[in-house]
Trainee: 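Here it is, the structure in full.
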Amino acid sequence: MTTVPNHRPLRHPTYYIEGADTVILVENTLFRIHRYFLTRDSSFFFNNLSTPGDFTKGPGSSDHNPFQLEGALADDFAHVVWVFYNHTYSIYRASIEEWTAILKLAHKWGFVELKKFAVRELDKLEIPHVQKIDMYQKYEVNKNHLREALTGLAVRDESITIEEGRQLGLETALLLAHAREALRTFVGRRSGNRDRHSAANVELDALICEVFQLSPASSGDEDQTK
């Protein structure tokens with residue numbers, strides 16, 4: 001087990017909540033929050049914090065005996081806690097970077113519903129196609145959420161660059177190359193004077209679904225994890 005750093009940790013200015021039952025140490029910052037928010041949705045926290053017994057003993061019971069989280073930044077953990085304690089009820093305004101941090105930690109710690117929520121919020125934002133594909137692949141988001149990004153790269157005039165190929169990964173880059181070639185052939189059959197953007201939406205979607213093995217757009221909401 002790791003030890004608490006010798007230098008005294010600082011209490012988070014917002015999320016050290018008097019009356020909460022669990023003290024969490026992330027980097028050199030102490031959070032005091034209600035463990036209910038952690039254990040109800042996260043397999044990691046359920047397995048590590050839901051042991052029956054006296055909360056006044058053991059890791060998480062006090063500043064001197066906090067539950068320590070490794071591999072996370074205090075600022076990123078604060079974004080996760082913000083979701084739990086947001087005072088604007090159904091209004092959640094955050095940047096792409098902040099939602100990405102939430103998605104990262106939700107995936108890392110097995111927050112099932114939080115991960116779905118982060119994906120829904122990210123889907124509302126304008127994210128560059130390559131960045132979104134890279135992010136969703138890294139955190140194992142259901143690839144049906146990438147339909148728009150994959151289509152955008154398939155129909156754009158510019159070829160996939162070497163750097164973009166590195167970000168996308170070999171398999172996705174090769175599938176995109178195949179989709180672009182198939183789309184070019186498809187448009188050529190329809191009309192030699194038409195560019196790729198003229199393909200009928202339904203047929204284009206069918207092509208993307210076939211190449212990337214996506215569910216049809218009409219199949220309804222998908223699960224956000226693979």
Side-chain angles (χ1 to χ4, degrees), residues 1-128 131-132 134-136 138-141 145 224-225:
M1 179 181 294
T2 56
T3 57
V4 178
N6 292 327
H7 48 288
R8 183 178 179 182
L10 302 175
R11 293 179 175 183
H12 192 276
T14 303
Y15 299 120
Y16 188 93
I17 302 171
E18 296 295 340
D21 56 21
T22 303
V23 179
I24 307 288
L25 177 65
V26 187
E27 293 187 295
N28 195 43
T29 302
L30 290 169
F31 296 78
R32 186 171 180 174
I33 60 178
H34 297 85
R35 71 176 58 197
Y36 164 77
F37 290 118
L38 302 174
T39 59
R40 68 173 177 175
D41 185 41
S42 162
S43 56
F44 170 80
F45 287 107
F46 180 83
N47 291 331
N48 286 278
L49 284 178
S50 61
T51 304
D54 189 351
F55 288 175
T56 63
K57 300 177 182 179
S61 59
S62 69
D63 290 11
H64 300 293
N65 191 14
F67 183 82
Q68 299 175 61
L69 291 177
E70 304 292 341
L73 300 176
D75 286 346
D76 290 350
F77 186 66
H79 296 322
V80 170
V81 178
W82 163 74
V83 175
F84 303 147
Y85 291 99
N86 177 31
H87 294 298
T88 56
Y89 299 102
S90 61
I91 301 174
Y92 289 84
R93 293 193 179 96
S95 67
I96 293 173
E97 291 72 22
E98 290 164 342
W99 282 119
T100 301
I102 294 168
L103 174 62
K104 174 184 177 180
L105 295 184
H107 176 69
K108 176 182 178 68
W109 293 325
F111 280 102
V112 177
E113 294 304 319
L114 180 61
K115 183 175 180 178
K116 292 180 181 180
F117 182 50
V119 170
R120 285 198 299 271
E121 293 300 313
L122 282 164
D123 280 347
K124 298 175 184 177
L125 303 177
E126 293 293 330
I127 305 175
Q131 178 184 344
K132 186 171 186 178
D134 180 35
M135 181 202 317
Y136 280 24
K138 182 183 300 182
Y139 302 126
E140 299 183 2
V141 176
H145 289 272
Q224 276 73 23
T225 55

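In this chain, numbering begins with 1 at the start of the sequence shown. Atoms considered below: every heavy atom in the structure, side chains included; atoms not considered: hydrogens, waters and symmetry mates.
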Trainee: Residues two or more places apart in sequence or in another chain: which of them pass side-chain hydrogen bond (donor to acceptor under 3.5 Å, both in side chains) with Tyr92?
Mentor: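 None.
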Trainee: Would you give the length of the straight line joining atom CG of Leu49 to atom CD1 of Ile24, rounded to the nearest 0.5 angstrom?
Mentor: 5.5 Å
Trainee: Is any side-chain heavy atom of His64 less than 4.5 Å from a side-chain heavy atom of Val23?
Mentor: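 No; the side chains remain at least 4.5 Å from each other.
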Trainee: Output the distance between atom NE2 (His107) and atom CD1 (Ile102), rounded to the nearest 0.5 Å.
Mentor: 15.5 Å
Trainee: Work out which heavy atom in Leu122 is nearest to a heavy atom in Ile127; give both atom names and the distance.
Mentor: O-CD1, 3.6 Å
Trainee: Could you check Tyr139 against Lys104 for side chain to side chain contact (heavy atoms under 4.5 Å, CB included), going step by step and ending with a plain yes or no?
Mentor: CA-CA 6 Å; Tyr139 302 126; Lys104 174 184 177 180; 3.6 Å; yes
Trainee: Restricting to non-hydrogen atoms, name the atom on Leu25 and the atom on Pro9 that form the minimum distance, rounded to 0.1 Å.
Mentor: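 Of all heavy-atom pairs spanning Leu25 and Pro9, the closest is CD1-CB, 3.8 Å.
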Trainee: Evaluate the side chain to side chain contact (heavy atoms under 4.5 Å, CB included) criterion for residues Thr29 and Leu10: first the C-alpha distance (whole Å), next the side-chain angles of each, then the deciding distance (0.1 Å), finally the verdict.
Mentor: CA-CA 5 Å; Thr29 302; Leu10 302 175; 5.5 Å; no
Trainee: Can you name the ring-ring contact (aromatic ring centres under 6.0 Å, His included) partners of His12, sequence neighbours left out?
Mentor: Tyr15, Phe31
Trainee: Do Lys138 and Met135 make a side-chain contact, defined as non-hydrogen atoms from C-beta onward lying under 4.5 Å apart?
Mentor: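 Sidechains of Met135 and Lys138: no contact.
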Trainee: Just so I know, are the side chains of Leu69 and Phe44 near enough to count as touching, which here means a heavy-atom distance under 4.5 Å?
Mentor: yes
Trainee: Which residues pass the salt bridge (Lys or Arg N to Asp or Glu O under 4.0 Å) test with Glu98, sequence neighbours left out?
Mentor: none
Trainee: Show the atom names and distances, to 0.1 Å, of all donor-acceptor pairs under 3.5 Å that link a side chain in residues 72-84 to residues at least two apart or in another chain.
Mentor:
none

Trainee: How close do Lys115 and Val141 get, heavy atom to heavy atom, and via which atoms?
Mentor: CE-CG2, 4.3 Å
Trainee: Which atom names give the shortest non-hydrogen contact between Thr22 and Arg35, and what distance separates them?
Mentor: OG1-NE, 2.8 Å
Trainee: Could you go step by step and tell me if Tyr136 and Val119 meet the side chain to side chain contact (heavy atoms under 4.5 Å, CB included) rule?
Mentor: CA-CA 9 Å; Tyr136 280 24; Val119 170; 4.0 Å; yes
Trainee: Show your working on side chain to side chain contact (heavy atoms under 4.5 Å, CB included) between Leu125 and Glu121 and close with a plain yes or no.
Mentor: CA-CA 7 Å; Leu125 303 177; Glu121 293 300 313; 6.0 Å; no
Trainee: If every non-hydrogen atom of His34 is compared with every non-hydrogen atom of Ile17, which pair is closest and at what distance?
Mentor: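 Closest pair (atom of His34, atom of Ile17, distance): CE1-CG2, 4.5 Å.
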Trainee: Which residues pass the side-chain contact (heavy atoms from CB on, under 4.5 Å) test with Glu18, sequence neighbours left out?
Mentor: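 Arg11, Tyr16, Arg32.
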Trainee: Run the side-chain hydrogen bond (donor to acceptor under 3.5 Å, both in side chains) test against Ser90 and tell me which residues pass, sequence neighbours left out.
Mentor: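 Partners of Ser90 by the side-chain hydrogen bond (donor to acceptor under 3.5 Å, both in side chains) criterion come out as none, since no residue qualifies.
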Trainee: Under a 4.5 Å cut-off applied to non-hydrogen side-chain atoms, are Arg93 and Thr88 in contact?
Mentor: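 The answer is no; the side chains never approach within 4.5 Å.
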Trainee: Between Arg8 and Asn28, what is the shortest heavy-atom contact and its length?
Mentor: O-ND2, 3.6 Å
Trainee: Can you tell me how the ring of Phe117 sits relative to the ring of Trp99, calling it parallel under 30°, perpendicular over 60° and tilted otherwise?
Mentor: perpendicular
Trainee: How about Phe45 and Phe111: are their ring centroids closer than 6.0 Å?
Mentor: yes
